[in-house]
Protein chains: 2
Amino acid sequence: MSRRIDPTPSPEPHPSPLRADAERNRLRILVAAREVFAQRGLDVTIDDIARHAGVGVGTAYRRFANREQLVEAVFEEGAEHLIALAEQALTHEDPWDGFVQFFLATAEDFAGDRGLREAFLEGLHGKIRVAAARDRLIPAVSALIARAQQAGQLRGDLESTDFPLLQLMLGAVTEHSRTVAPAVWRRYLVLLLDGLRHDRDHPTPLPHRALDKDEFDQTMA
Amino acid sequence: MSRRIDPTPSPEPHPSPLRADAERNRLRILVAAREVFAQRGLDVTIDDIARHAGVGVGTAYRRFANREQLVEAVFEEGAEHLIALAEQALTHEDPWDGFVQFFLATAEDFAGDRGLREAFLEGLHGKIRVAAARDRLIPAVSALIARAQQAGQLRGDLESTDFPLLQLMLGAVTEHSRTVAPAVWRRYLVLLLDGLRHDRDHPTPLPHRALDKDEFDQTMA
DNA sequence: CCAAACTGGAGAAGCGATCTCCAGTTGCGG
DNA sequence: CCGCAACTGGAGATCGCTTCTCCAGTTTGG
């Protein structure tokens, strides 16, 4: 740990400005981590991230003592976005549409960022920050649910802890079909929504065709 | 490879009867594998299985060259049961009830046997046999779906490849909530079924209470 | 220009699984 | 009930993979 003369014994912020090249590399590592986590999930090695960033492993380890820190740094942004989505959905005029919009938007985030999904839904790493982010998300989700229930559109027995589990279910599809049919999850999202509506006369048409035999085999393999 | 005088150069069946103690141990290993796979999934080591069977690792390796063989041997029975369930469901008088019964029964099988779920839904091991079993299951599932659709009870746009993916979704819940609330999956099963019905006036009451905060945190961690 | 800060990547160290080997034990045909 | 082939158990060799350290060489900035 390098530090210059730093009178304030503040615990958190950068203890001392990094040298220009060091700071540049720190940023490259962060960017690389974002990309690699998003594409390949949280289980990549620090060596992978370093290589992708074009720096040596040593450099990566000097800035981030372990993968945990890297995960949390990258994760923070994703979490922020989810919270923004919730608040935006609450401003939606129609309660049901707001709920659907939020469900869809978060599912899209998770589909586009494997690492985010794993951090949020699989509890793989960085537990502390993740739990904190989830806690910040809960009130908004509860409000979204309550509002749609009061409007008589959403089934009354859905509770706020159900929501992440529904995302987990969808996430399982997303994960497995990732390489074969990266958008089939939308099919099951609509199916879930049809289960969540209070009542309905007809099924909502499913937005993505079903997997054919080949796609199916690959998805399950 | 031990073999006595065996005139027929048959490729597959037991090349020679095992000595009594050897056969006894083979069975113990098989039983142990069944139990360990069911409880802890397919990712257990052969050492674990051997220990659970009360034999040495060497003995286990002598009978089953690799875990694959062990998985397939154990898996076969589970697959057989699923197929029986499908055929039984087809005899159900009411098409919708038959469909629901099959969905429920398979989900129960998967919930009670982690290894079976992983073999069938996660494609972790023993690909050949599993694919074969799935193929045997498809016609029955298709029939079950078609019948319920013709009766106007099941949504018309559901296809047979959708079914295993629905099980996959449910399986994600089962897996995560395993230790905390081993039956919450029933809640989401009903929710899915409400999405699968052609039309309905009211939501079907959910059969299991939602997770509370503590259970939820553990499930996601 | 030079001292301090920083870099890269070879390789040490650790971990956990698979699989082998063989000295000792057991089953069984004669 | 003898003798030997078949079988057993488990210590440990081997492997593959990751994490993390170390330091000779390079870069930065006052």
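The analysis underlying the following values was restricted to heavy atoms, covering all of them including side chains, and did not include hydrogens, waters or symmetry mates. In this text the structure is predicted, and so the values were computed from the model without any measurement. Reminder, nothing fancy here: chain letters follow the sequence lines and each chain counts from 1.
The CD1-P distance, from B:I46 to C:dG16, rounds to 18 Å in whole Å. Counting to the nearest Å, the C1' atom of C:dG9 and the CD1 atom of A:I29 are 14 Å from each other. Here D:dT8 presents its C1' atom at 17 Å from CZ of B:R26, a figure rounded to the nearest Å. One can place OH of B:Y61 at 17 Å from P of D:dA13, the figure rounded to the nearest angstrom. What separates CG of B:N25 from P of C:dG27 is a distance of 10 Å, to the nearest Å. Spacing between atom CD of B:E23 and atom C1' of C:dC28 amounts to 16 Å, rounded to whole angstrom units. Residue A:F64 contributes atom CZ, which lies 15 Å from atom P of D:dT19 at whole-angstrom precision. In this entry the distance linking CG of A:D48 with P of D:dC17 reads 12 Å, nearest Å.
Taking a cutoff of 4.0 Å between a charged side-chain nitrogen and a carboxylate oxygen, A:D217 and A:K213 qualify as a salt bridge. A salt bridge does not link A:D21 to A:R24: none of the charged side-chain nitrogens sits closer than 4.0 Å to a carboxylate oxygen.
Across all strands, B:D47 comes closer than 4.0 Å to base atoms (heavy-atom distances). Within 4.0 Å (heavy atoms only), B:T59 reaches at least one base atom of the nucleic acid.
Between the side chains of B:T106 and B:D109, no donor-acceptor pair of N or O atoms lies under 3.5 Å.
Of the candidates D:dT19, C:dC6, C:dG27, C:dG27 carries the atom nearest the B:D21 side chain, counting heavy atoms from C-beta on. Side-chain proximity of A:V57 to the nucleotides D:dT28, C:dA10, C:dC19 is greatest for C:dA10. The side chain of B:N66 sits closest to C:dC19 out of D:dT19, C:dC19, C:dT7.
Ring orientation note: the planes of B:F102 and B:F163 are close to parallel, at an angle under 30° on the 30°/60° scale.
Side-chain atoms of B:R67 and base atoms of C:dT18 include no donor and acceptor less than 3.5 Å apart. A donor-acceptor contact under 3.5 Å is formed by the side chain of B:R62 with the base of D:dG9.
In A:R136, the CZ atom is not crowded: 12 or fewer heavy atoms of neighbouring residues, nucleotides or ligands sit closer than 6.0 Å.
DNA chain C is contacted by both B:A20 and B:A65; B:A65 maps to the nucleotide lying nearer its 5′ end (nearest heavy atom per residue).
A close approach under 4.0 Å does not occur between any side-chain nitrogen or oxygen of B:R19 and OP1 or OP2 of C:dT26.
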